[in-house]
There are 4 protein chains.
Amino acid sequence: MVRIKQIEREQVLEQTKTRLFQAAAQEFARAGYSDANINMISTNAGFAKGTIYNYFPSKRALLLALIDTSAKQHFNFIVDRVGVIPDPRKRMEMFYQAGFDYVSQNLAAARVMFNTINGPDVTLKAHIFEVYQPLFQFVADQILNLGIEQGVFEQVDTASMALLLMTIYLGTASQLDLDGRPWLDPNQIVDLVLNGLQKKEATSGDHD
Amino acid sequence: MVRIKQIEREQVLEQTKTRLFQAAAQEFARAGYSDANINMISTNAGFAKGTIYNYFPSKRALLLALIDTSAKQHFNFIVDRVGVIPDPRKRMEMFYQAGFDYVSQNLAAARVMFNTINGPDVTLKAHIFEVYQPLFQFVADQILNLGIEQGVFEQVDTASMALLLMTIYLGTASQLDLDGRPWLDPNQIVDLVLNGLQKKEATSGDHD
Amino acid sequence: MVRIKQIEREQVLEQTKTRLFQAAAQEFARAGYSDANINMISTNAGFAKGTIYNYFPSKRALLLALIDTSAKQHFNFIVDRVGVIPDPRKRMEMFYQAGFDYVSQNLAAARVMFNTINGPDVTLKAHIFEVYQPLFQFVADQILNLGIEQGVFEQVDTASMALLLMTIYLGTASQLDLDGRPWLDPNQIVDLVLNGLQKKEATSGDHD
Amino acid sequence: MVRIKQIEREQVLEQTKTRLFQAAAQEFARAGYSDANINMISTNAGFAKGTIYNYFPSKRALLLALIDTSAKQHFNFIVDRVGVIPDPRKRMEMFYQAGFDYVSQNLAAARVMFNTINGPDVTLKAHIFEVYQPLFQFVADQILNLGIEQGVFEQVDTASMALLLMTIYLGTASQLDLDGRPWLDPNQIVDLVLNGLQKKEATSGDHD
DNA sequence: TATGAATGAGAGTTCATTCAT
DNA sequence: AATGAATGAACTCTCATTCAT
């Protein structure tokens with residue numbers, strides 16, 4: 001009985017945190033970190049203004065926790081969809097498609113991430129790169145390297161190419177109109193990228 | 001005589017504005033719009049905090065003026081270098097190289113632009129796209145279309161492809177380390193993009 | 001049976017209050033009344049923040065109860081040691097020695113008292129003087145008056161001199177270094193005071 | 001002309017600081033450091049709440065500046081009156097009298113000093129002792145040592161005795177009723193102290 | 001009796017902007 | 001045109017207290 005109550009309480013706490021994260025994502029997305037209003041986050045989450053500090057010691061800690069949580073979801077969302085596909089080219093295609101899907105399904109969280117990664121605070125930016133390391137690795141190993149091994153992608157340095165592909169993803173997926181619809185077509189990006197990576201037969205395609 | 005004084009006065013005014021823009025770029029780049037400190041801008045520009053309001057009616061107006069000025073310089077910098085080259089593929093190469101060069105030579109202004117375009121304020125974001133229209137047009141007409149006409153680029157929709165290429169430029173060129181050095185190699189981007197755009201001979205390059 | 005349980009319960013309650021007083025003394029001594037943290041007191045006493053309100057209706061009530069308890073202990077500590085000595089001069093000596101000993105053995109509680117008596121809250125200050133009345137009386141009657149009756153102290157107004165001697169005690173004993181060691185030597189104080197009170201033989205000791 | 005305006009402006013600034021110090025002294029005396037209300041200080045000084053931060057970077061900095069200023073005035077007040085007197089015993093008498101006079105003429109500042117020196121913040125306490133060093137030195141050199149050299153005071157360690165006499169001064173002068181009148185008579189203190197310090201003729205004054 | 005999540009008034013501090021000089 | 005003292009709204013964060021469990 002006591003055990004059950006304990007578990008129930010923890011569940012309620014978890015739910016409360018989730019509500020907080022949602023409200024925080026909305027507010028950080030709306031206004032950016034500096035102009036985000038802690039009071040408004042609390043209120044939108046259904047609390048009094050002080051309550052937020054029972055969960056996070058500061059506005060910044062809240063943002064960091066939100067980023068960490070979002071990054072994990074982002075990673076899982078993409079990997080779950082990409083990982084089940086055998087063909088490396090299709091994997092690449094799915095990487096961008098799933099990525100764009102994640103953004104449209106998690107608009108607020110995605111916007112917070114995009115804002116933060118391009119914002120002026122270098123510490124936050126570094127933090128984001130840290131938590132996105134697994135996704136970098138995944139692109140390098142499970143997409144690029146797979147394709148190179150199978151001879152469908154050119155021999156490229158997987159690390160730097162993964163960085164470029166991720167940057168293209170982040171740069172393109174972050175361009176949204178007011179309703180959160182992307183300006184760019186993921187298929188177009190995929191075309192460009194797959195053409196760019198495609199293994200040339202015997203001919204040399206140098207441009208210099 | 002009066003005429004000369006008039007001209008002198010205007011020159012001083014211009015110089016003052018330039019100093020203001022430099023200081024503003026530094027500060028906006030350092031801290032972002034919200035956390036930028038008007039007082040610090042004034043001081044770094046070499047005068048008292050109130051003086052700034054003799055030149056711009058508000059912090060926001062200063063930012064907008066800075067963006068407009070920077071965008072023109074950005075445009076000229078790139079077009080001056082790209083426009084003199086005949087070959088479309090070389091033009092594309094120079095577009096990215098000049099773009100990266102502009103960033104490293106105008107770090108603060110470039111950072112302000114990157115921060116703003118990815119920041120939460122949609123009005124500012126829209127403003128940036130407005131002032132960058134000429135560059136969009138230039139990429140579409142003077143690089144892409146030129147290459148298509150000459151048969152070196154695939155038949156693509158120049159408008160949407162220009163948007164994609166610009167987005168890739170903005171996304172990649174904005175990734176800088178603390179010292180302002182880019183993380184990504186423009187040559188690698190150029191390779192990918194030129195491969196991606198390259199006209200396929202007779203074969204079909206479908207991936208579906 | 002019921003009786004025994006009743007007694008047990010009261011003992012537990014007493015122990016809990018003692019733990020609370022210790023934690024409260026530490027915290028009030030560390031930070032002063034205003035900055036003392038009720039939550040920290042609860043935690044250090046070994047229970048949750050709300051529990052404290054089952055024992056005391058407010059932070060202030062806790063401080064007052066602590067002061068009352070401490071004052072009684074302070075009084076008993078001194079009187080137990082002074083009362084058994086017959087000679088008035090030795091009594092005076094023991095008063096300061098025991099007083100300093102009490103401070104070093106009850107650092108936290110003593111500090112709370114010193115802070116409060118010198119603090120800005122006049123109500124609290126008045127309360128302290130009230131609870132220290134017995135000690136004032138003791139100094140006046142059982143030390144000063146005894147010495148006057150035995151002809152070893154000058155004829156002085158016992159009430160005002162007791163106030164002065166107590167003030168000197170409070171003023172000197174409250175000066176402690178960070179480790180709680182007194183800066184001043186009680187013997188030096190005793191010397192000064194005993195010399196000062198000493199009955200002059202036949203000569204007149206006027207100073208004007 | 002410009003020079004004069006410059007001077008005028010500095011005078012106004014000085015006056016403003018003085019007003020601020022007065023208001024701050026009142027408020028710190030009323031409520032102690034922690035409960036002192038910055039807003040109330042500003043208002044009582046005749047400002048809006050933010051203005052105070054044009055003069056001092058924080059509440060604490062304001063307190064420290066106030067203490068420094070007060071300590072200098074306190075020192076000058078006493079030294080001006082004591083220094084002109086030749087006789088060491090009269091000097092001692094004047095030390096306590098002038099000290100008590102200073103308190104009644106500068107109630108708020110004195111209260112702030114007393115509260116702070118006995119308050120829980122050890123850093124502040126240390127700061128006070130630092131700024132009161134000159135007065136310690138004065139008592140040791142210009143009162144005690146003078147008396148010893150002239151053979152009117154017992155041979156005592158001037159440093160520790162000065163500390164004791166200062167502590168007695170601070171302890172006794174800080175006991176004021178609500179209207180700021182001292183509870184203790186400085187003459188009584190002087191009597192005790194002078195008797196205590198008086199050189200014994202040929203007899204031995206041991207008490208052990 | 002014990003718990004600790006929730007409350008919300010209130011604190012110190014910041015800073016874009018104003019305006020008399 | 002230049003100054004910088006003054007303004008005050010708005011912000012983040014603290015914490016004594018309450019109360020449902």
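Per chain, numbering begins at 1; letters A, B, ... match sequence-line order.
Taking atom CG on L13(A) and atom P on dA6(E), their separation rounds to 7 Å, with Å as the unit. Atom CG in L62(D) sits about 10 Å away from atom P in dT13(E), given to the nearest Å. Put simply, CD1 on I52(C) is 14 Å from C1' on dT3(E), counting in whole angstrom units. Rounded to whole Å, atom P of dA5(E) lies 13 Å from atom CD of E14(A).
Taking a pair as Watson-Crick or G-U wobble with both distances under 3.5 Å, the runs of three or more consecutive pairs in DNA chain F are E:2-21 with F:2-21.
Residue pairs meeting the salt bridge (Lys or Arg N to Asp or Glu O under 4.0 Å) criterion with at least one partner in residues 29-38 of chain A, sequence neighbours excluded, are E27(A)-R30(A). Applying the salt bridge (Lys or Arg N to Asp or Glu O under 4.0 Å) test to every pair with at least one member in residues 53-69 of chain B, sequence neighbours left out, gives these pairs: R60(B)-D121(B).
Scanning both residues, Y55(B) and T51(B), for their nearest heavy atoms gives CD1-O, 3.4 Å. Between L20(D) and A45(D), the shortest heavy-atom distance links the atoms CA-CB, 4.1 Å.
Remark: A25(B) engages L66(B), A108(B) in a side-chain contact (heavy atoms from CB on, under 4.5 Å) (not counting sequence neighbours). In this structure, the side-chain contact (heavy atoms from CB on, under 4.5 Å) partners of T69(C), at least two apart in sequence or on a different chain, are F21(C), Q73(C).
Distance check, rounded to the nearest 0.5 Å: OG1 of T18(A) to CG of L13(A) gives 10.5 Å. With values rounded to the nearest 0.5 angstrom, K49(A) atom NZ is found 11.0 Å from I38(A) atom CD1.
For T16(A) and F47(C), each mapped to the nucleotide of DNA chain E holding its nearest heavy atom, the one lying further toward the 5' end belongs to F47(C).
Between Y55(A) and dA6(E), a side-chain N or O to OP1/OP2 separation shorter than 4.0 Å is present.
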Going 5' to 3' through nucleotides 13-18 of chain F and flagging B where a protein heavy-atom sits under 4.0 Å of the base, S where only the sugar-phosphate is that close, and - otherwise, we get BBSSBB

